[in-house]
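Below is one structure, written out as structure tokens; comments come after it.
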Amino acid sequence: MKNIYFYPKIDYKIVDPPNPYIFNLENSLSKKYNIVNKNYNKIGVLDFFRYFFKADLFLFNWIEDLPSYRLGKFQIIVFVLFIYCAKFFGRKIWWTLHNTYSHDISKNKWTDFMYKLLIKNSDLILTHSKSGIDFIKENHSLYSSKIKFITHPIQEILPESQIEEKIFDFLIWGAISPYKGILEFLKYINESHAFSKFKILIIGRCFDKEYKTEMNKYLTKNIIHHDNFYEFKEIANFAKKTKFILFTHKSASVLSSGSLMDSIRMRSIIIGPNLGAFKDLNSYKIGRAHV
């Protein structure tokens, strides 16, 4: 049984909302591998050295976001040292390419550096979208043999339920971030008379106060936002009362989406961008992709 260092290790008691992808991935891996880091990582990159001789493999998710963390530049320097040590002592590095760029970070040399470092030094690059393979082939062709596409895991489809009255036309759900393009969508429908009759429900926490203030300007009796965290079953209940689940993602960096997979679990009709996993699944006639 191989020993794996799993990143990020999340303390689910303090994270709101928790990331189900990480939770489910860790649970699945623990059935076949020994995850050596049992506790929440409180010391950042330094924690990698704490378990260095206990792990055969380091599996990283979103490690490219280091520049945005506390003492980010210092952590990057330590991470470079870790990479050299891993290569010298024969430790394997697996990295999941979730996005072609960090969502909430404007383009900068530190994030560029992290992507190049990971692409060059990872022994295996995983992606949940065929666009991830295209990204590596087009921009880093020398390392294209490293990348492997695995369809984003999806949990069991919810059983069919009795048909409920559709109160809303569109449901937008999940934590609200600028890269999702919700504000731009609200501005657009405010200027378009064609959308005036549609009822739109937005559910999800918005941690950016300025962004939330801007969003509030466009809320009406037909456009409602519940700034709360909801469990999956609660979201599914909202979905039953809605004609379509809508994804307004505007960022071309999007590859995979756990929210998309959960929306499929709800048996919803999905409208989303012609990007990443949305594009992949549209070829299988799952949901609807808007070009």
Side-chain angles (χ1 to χ4, degrees), residues 1-15 17-66 79 82-83 85-99 114 117-133 135-136 143-159 231-233 255-265 276-277 280-281 284 286:
M1 180 178 286
K2 282 193 174 183
N3 298 314
I4 293 182
Y5 182 96
F6 184 83
Y7 179 94
K9 189 79 173 183
I10 295 174
D11 185 349
Y12 292 99
K13 295 179 181 179
I14 64 174
V15 174
N19 188 331
Y21 176 89
I22 290 298
F23 178 79
N24 293 327
L25 177 59
E26 183 179 355
N27 282 346
S28 297
L29 286 173
S30 63
K31 296 175 183 177
K32 293 187 177 181
Y33 300 96
N34 177 38
I35 297 178
V36 297
N37 53 323
K38 305 296 183 184
N39 301 314
Y40 170 61
N41 179 346
K42 296 181 179 179
I43 57 175
V45 174
L46 293 174
D47 197 58
F48 304 165
F49 291 96
R50 181 183 175 191
Y51 293 93
F52 191 82
F53 291 105
K54 297 179 181 178
D56 306 303
L57 166 67
F58 289 79
L59 175 59
F60 294 120
N61 294 273
W62 298 290
I63 188 69
E64 64 273 16
D65 290 339
L66 272 182
F79 186 69
F82 161 78
I83 291 290
C85 291
K87 292 298 180 183
F88 183 80
F89 286 100
R91 299 299 185 269
K92 297 296 183 183
I93 297 173
W94 290 8
W95 171 51
T96 303
L97 177 67
H98 290 284
N99 310 292
M114 283 298 296
L117 183 72
L118 287 160
I119 291 168
K120 179 180 179 180
N121 292 285
S122 295
D123 296 286
L124 176 66
I125 302 172
L126 301 170
T127 182
H128 296 312
S129 171
K130 293 177 183 177
S131 296
I133 295 177
F135 169 74
I136 296 296
Y143 307 105
S144 59
S145 62
K146 294 182 178 184
I147 192 162
K148 183 176 182 180
F149 165 68
I150 300 175
T151 302
H152 196 297
I154 183 170
Q155 292 181 275
E156 187 177 358
I157 303 295
L158 296 181
E231 298 288 348
F232 177 75
K233 289 183 179 179
L255 288 179
S256 54
S257 169
S259 298
L260 169 61
M261 309 313 286
D262 281 338
S263 296
I264 293 172
R265 288 185 64 200
D280 295 339
L281 294 176
Y284 293 103
I286 299 176

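The number of heavy atoms from other shown groups lying within 6.0 Å of NZ (K32) does not exceed 12.
A donor-acceptor pair is defined here as one N or O able to donate and one able to accept, closer than 3.5 Å; no such pair exists between the side chain of S122 and the backbone of I119. At distances below 3.5 Å, not a single donor-acceptor pair connects side-chain atoms of K2 with backbone N or O atoms of N34. Listed for the K87 side chain is a donor-acceptor partner under 3.5 Å among the backbone atoms of N121.
Between D123 and R91 there is no salt bridge, since none of the side-chain N atoms of the basic residue sits less than 4.0 Å from a carboxylate O of the acidic one.
To the nearest 0.5 Å, the span separating CZ on F82 from CD1 on I63 amounts to 8.5 Å.
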Item to complete: Give the intermediate values and the outcome of side chain to side chain contact (heavy atoms under 4.5 Å, CB included) for residues K148 and W94.
Response: CA-CA 11 Å; K148 183 176 182 180; W94 290 8; over 6 Å; no

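Taking the six-membered ring wherever Trp is involved, the centroid distance between the rings of Y5 and Y33 does not fall below 6.0 Å. Aromatic ring centres of F60 and H98: separated by at least 6.0 Å.
Just one of I35, N41, V36 meets the side-chain contact (heavy atoms from CB on, under 4.5 Å) condition when paired with F6; it is I35.
Side-chain contact between I147 and T127 is present, with at least one heavy-atom pair separated by less than 4.5 Å.
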Residues 48-59 side chain polar contacts: donor-acceptor under 3.5 Å, at least two apart:
residue, atom, partner, partner atom, Å
D56, OD2, N3, N, 2.9

